[in-house]
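Notes follow the structure.
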Amino acid sequence: MRILLYLVSIVTANVVTAAFAPLTMGMFIVPMGTFLIGATFIFRDLVQNKYGRKKTYMFIGLALLLSAVVSSILGDTLIIVLASAVTFAIAETTDTEIYSRLKLPMSLRVLYSGIVGGILDSAIFVVLGLSPLGANFLPWEAVPAAILGQVIVKTIIQGIAALIIHQTNNMSKNTVAN
């Protein structure tokens, strides 16, 4: 189920991003799929908890391939598909390695690794894919707002997930103690 949630969240993020116009919140520009991208880091953490780091890389590879195929089918240009693949590989790998190495409760590992992964995901994709360096969807002046908007949304999602995981773990400990 964890693997399915991870893969479906990635495909759904691609579909939602392609189907809906970005959300403009003041100066921030947030593609609608951003709300799901934050969740993919959490689902990947859950996959890693169950299957370990080495097998998680196999699922990351499968997710990357699936994402690229879906992105191509949805009509994204080659530069967008490549930017997405490079971004995905870097952000997921970084998130995985940070999550693996932190010796903290799961909720904090999810939070910290997800924040770093979200920052990398936002910055790399906006610069490589959307800026004049990539597909030229955004002028350089809009790049910081696009990155920051995505980082804010992804960080909020990581924070909510960390709180839920923390509360769930506390309830489990209390149930076992009683």
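Side-chain contact between M106 and V110 is present, with at least one heavy-atom pair separated by less than 4.5 Å.
Looking at residues two or more places apart in sequence or on another chain, you find no side chain to side chain donor-acceptor pair (under 3.5 Å) involving Q158. In this view, S100 and Q48 satisfy the side chain to side chain donor-acceptor pair (under 3.5 Å) rule, not counting sequence neighbours. Partners of S113 under the side chain to side chain donor-acceptor pair (under 3.5 Å) rule, at least two apart in sequence or in another chain, are D95.
When all heavy atoms of G117 and A91 are compared, the closest pair comes out as O-CB, 3.6 Å. Heavy atoms only, all atoms of each residue included: N49 and R2 are closest at CB-NH1, 4.0 Å.
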Show me the donor-acceptor pairs, under 3.5 Å and distance only, between side chains in residues 160-168 and residues at least two apart or in other chains.
unit_1, atom_1, unit_2, atom_2, d
H166, NE2, N170, ND2, 3.0
T168, OG1, I164, O, 2.7

Using a 3.5 Å cut-off and no angle test, enumerate the donor-acceptor pairs between side-chain atoms of residues 145-154 and protein atoms at least two apart in sequence or in another chain.
unit_1, atom_1, unit_2, atom_2, d
Q150, OE1, K154, NZ, 3.3
K154, NZ, D121, OD2, 2.5
K154, NZ, S122, OG, 3.0

List the atom pairs, donor and acceptor, that lie under 3.5 Å between side-chain atoms in residues 15-27 and the rest of the protein, sequence neighbours left out.
unit_1, atom_1, unit_2, atom_2, d
T17, OG1, A13, O, 2.8
T17, OG1, G33, N, 3.2

Would you give me the side-chain donor-acceptor pairs under 3.5 Å for residues 56-73, sequence neighbours excluded?
unit_1, atom_1, unit_2, atom_2, d
T56, OG1, G52, O, 2.6
Y57, OH, E97, OE2, 2.4
S67, OG, N14, ND2, 3.0
S71, OG, D76, OD2, 2.5
S72, OG, A68, O, 3.1

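Residues in residues 130-141 take part in no salt bridge (charged side-chain N to carboxylate O under 4.0 Å, His left out) pair, two or more places apart or across chains. Sorted by first then second residue, the salt bridge (charged side-chain N to carboxylate O under 4.0 Å, His left out) pairs that include residues 25-40, not counting sequence neighbours, number zero. Legend: salt bridge (charged side-chain N to carboxylate O under 4.0 Å, His left out) pairs involving residues 54-64, not counting sequence neighbours: none detected. Among residue pairs with one or both ends in residues 11-25, none qualify as salt bridge (charged side-chain N to carboxylate O under 4.0 Å, His left out); sequence neighbours excluded.
Side-chain N or O atoms of T93 include none that pairs as donor or acceptor with a backbone N or O of I90 at under 3.5 Å. In this structure a side-chain-to-backbone donor-acceptor pair under 3.5 Å is missing from T12 to S9.
T94 contributes atom OG1, which lies 11.0 Å from atom CD1 of I119 (distance to the nearest 0.5 angstrom). In this structure, the separation between CD1 on I115 and CZ on F41 is 11.5 Å, given to the nearest 0.5 Å. The OG1 atom of T40 sits 5.0 Å away from the CD1 atom of I37 when rounded to the nearest 0.5 Å.
Grouping Ile, Leu, Val, Met, Phe, Trp and Tyr residues whose side-chain heavy atoms lie under 4.5 Å apart, directly or via other members, places L82 in a hydrophobic cluster with L78.
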